[in-house]
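This one's a predicted model, so the numbers in the text were calculated from it and none came from an experiment. Both backbone and side-chain heavy atoms feed into the values below; hydrogens, waters and symmetry mates do not. Letters A, B, ... mirror the listed sequences (proteins, then strands); counts begin at 1.
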There are 2 protein chains.
Amino acid sequence: MTAITSEKTVERMSLYRRLLLRLREEGHTVVFSHQLCVPAGVTPAQVRRDIMQLGCSGVPHAGYKIKELLSAIAETLDAPQSQRAVLVGVGHLGLALLTHFSGRWRWLHIHAAFDVNPAKHGAIVRGCNCYGIEELPRIVREWRVQVGIIAVPVDTAQSVATMLCEAGITGLLNFAPLRLQVPDEVYVENVDLTTSFEKVAYFARHPARLANDKSAERDAALGENQADVPG
Amino acid sequence: MTAITSEKTVERMSLYRRLLLRLREEGHTVVFSHQLCVPAGVTPAQVRRDIMQLGCSGVPHAGYKIKELLSAIAETLDAPQSQRAVLVGVGHLGLALLTHFSGRWRWLHIHAAFDVNPAKHGAIVRGCNCYGIEELPRIVREWRVQVGIIAVPVDTAQSVATMLCEAGITGLLNFAPLRLQVPDEVYVENVDLTTSFEKVAYFARHPARLANDKSAERDAALGENQADVPG
DNA sequence: GAGTGTGAAGGCCTTCACAGCT
DNA sequence: AGCTGTGAAGGCCTTCACACTC
């Protein structure tokens with residue numbers, strides 16, 4: 001409902017939701033900001049601000065109603081009708097994505113897959129129809145697909161991205177190790193494993209370089225609320 | 001050499017390097033900040049700051065020497081000797097990672113894989129020995145493994161992380177959709193596909209919500225240098 | 001003129017701190 | 001006492017703007 005302007009906020013919503021779902025399964029009905037801040041690694045104050053942005057409000061000493069938060073998050077994050085995505089590139093990574101994620105979420109359905117390998121055309125891979133790249137524009141347009149998942153080798157990624165954008169896609173999930181050039185209105189989320197590996201390798205060799213972040217997370221995990229305790 | 005304090009800087013180094021390698025292959029020997037800023041989606045000024053931090057300096061009108069930048073980045077990002085990593089969880093995702101990345105980098109070698117499934121113990125998967133979880137502590141300690149890759153289901157991820165940390169790991173690459181609780185000195189890089197999917201789905205429905213970011217990227221891509229042009 | 005090096009300024013996000021509610 | 005709601009402050013990162021160099 002309310003317009004979220006920040007990527008970070010959307011990320012946290014996603015994290016909050018997972019904790020909320022778990023708590024609900026365990027039979028809880030209310031939650032406090034100092035619990036929700038743990039999975040996101042922020043302070044209780046940040047959680048309260050985020051919840052405010054959702055339009056929910058809590059009750060001092062009684063916390064927030066889990067049910068209420070969940071529907072507010074769903075209203076914000078999830079599409080009213082199921083959104084469609086297409087996967088381009090049915091290699092090892094593409095297959096793993098299909099296996100792991102296809103059908104897992106009601107809100108984003110992988111509607112079709114594309115691959116240059118003719119052997120795969122017409123096949124049904126993990127319940128998903130596989131086509132040749134040349135059919136991409138037609139299918140994306142006909143089904144009003146909004147999201148494209150790029151799991152092709154780096155040298156073809158840009159041309160695939162361009163093709164997807166021209167077909168009317170507005171969001172890309174890019175697994176290729178480069179930054180795509182796309183029109184302004186298209187959102188790109190990069191999952192750059194090369195960078196991730198290099199980061200973890202670097203910081204594994206330079207421990208405590210980011211100690212501040214960690215300590216905040218740790219303090220929060222203790223379940224106490226030191227930020228709000230009067231000094 | 002120089003101490004990098006910022007995660008963002010490390011990420012950009014990784015991106016710069018890829019462009020530099022490509023340029024070198026194409027026969028270039030020098031590069032300008034307004035070229036390097038494109039893949040990272042920042043301004044030329046940011047690039048110059050980053051390069052300063054590397055200890056390199058350029059020549060006005062002549063740019064930076066690619067060779068020099070590459071060795072400075074390598075000296076910063078890459079381990080002096082090859083670093084070892086272990087993979088925990090040889091499911092679809094783990095297999096895709098092994099296939100895609102094992103042996104691809106000299107600087108981070110996936111030394112062993114672990115899985116609960118006894119059928120996999122003793123197997124050699126994509127050139128990588130597979131063991132039972134119970135052997136993890138011994139192998140990590142014996143080989144001084146610094147990096148752990150967690151590709152197990154969400155419900156066992158925390159216990160695996162704890163085990164890895166106790167064995168002396170200092171960096172984790174976590175593919176499970178939760179935030180791990182680890183000691184302060186351990187660095188965690190989360191690759192959270194659930195959040196990524198939710199983000200791209202959200203912003204695909206809310207185009208131009210982040211127009212500012214995009215326009216900066218676009219302007220940079222034009223190859224001009226508007227930030228530095230005197231008004 | 002064209003590009004680098006860098007102090008200063010700006011922007012975004014997060015946390016602090018405290019008033020208010022129960 | 002305990003927790004929420006929020007203005008104000010702080011911090012980190014990025015960009016601006018311009019002196020300087022070839």
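Under 4.0 angstrom from either OP1 or OP2 of C:dG5 there lies no side-chain N or O belonging to B:Arg48.
Residue A:Ser57 is classed as a sugar-phosphate contact, given heavy-atom separations below 4.0 Å to backbone atoms only.
Residues satisfying the side-chain contact (heavy atoms from CB on, under 4.5 Å) criterion with A:Thr9, sequence neighbours excluded, are A:Ile4, A:Ser6, A:Arg12, A:Met13, A:Asp50, A:Gln53. With sequence neighbours excluded, the residues satisfying side-chain hydrogen bond (donor to acceptor under 3.5 Å, both in side chains) with B:Thr99 are B:Arg126. By the side-chain contact (heavy atoms from CB on, under 4.5 Å) test, A:Val154 is found to be paired with A:Pro177, A:Leu178, residues two or more places apart in sequence or in another chain being considered. Under the rule for a ring-ring contact (aromatic ring centres under 6.0 Å, His included), the partners of A:Phe32 that lie at least two apart in sequence or sit in another chain are A:His34.
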Collect all protein-nucleotide pairs involving nucleotides 7-9 of chain D in which both atoms are nitrogen or oxygen and the distance is under 3.5 Å.
from: D:dG7; atom 1: N7; to: A:Arg49; atom 2: NH2; distance (Å): 3.2
from: D:dG7; atom 1: O6; to: A:Arg49; atom 2: NH1; distance (Å): 2.8

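Comparing D:dC16, D:dC3, D:dG5 by their nearest atom to the side chain of A:Met52 picks out D:dG5. The B:Phe32 side chain lies nearest to C:dG3 when the options are D:dC16, C:dG3, D:dG5.
Sorted by first and then second residue, the ring pair (Phe, Tyr, Trp, His ring centres under 6.0 Å) pairs with a member in residues 44-64 of chain A form an empty list; sequence neighbours excluded. Evaluation of the salt bridge (charged side-chain N to carboxylate O under 4.0 Å, His left out) test over residues 22-32 of chain A, restricted to residues two or more places apart or in two chains, returns none.
End-to-end axis angle for the helix from C:dG1-D:dC22 to C:dT22-D:dA1, using five pairs per end and rounding to 10°, comes out at 0°.
The closest donor-acceptor contact from the side chain of B:Asn190 to the backbone of B:Asp192 lies at 3.5 Å or more, if one exists at all.
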Determine all donor-acceptor pairs shorter than 3.5 Å in which one atom belongs to a side chain in residues 158-168 of chain A; sequence neighbours excluded.
from: A:Gln158; atom 1: OE1; to: A:Gln181; atom 2: N; distance (Å): 2.9
from: A:Gln158; atom 1: NE2; to: A:Thr162; atom 2: OG1; distance (Å): 3.2
from: A:Gln158; atom 1: NE2; to: A:Gln181; atom 2: O; distance (Å): 3.1
from: A:Ser159; atom 1: OG; to: A:Thr156; atom 2: O; distance (Å): 3.0
from: A:Thr162; atom 1: OG1; to: A:Gln158; atom 2: O; distance (Å): 2.9

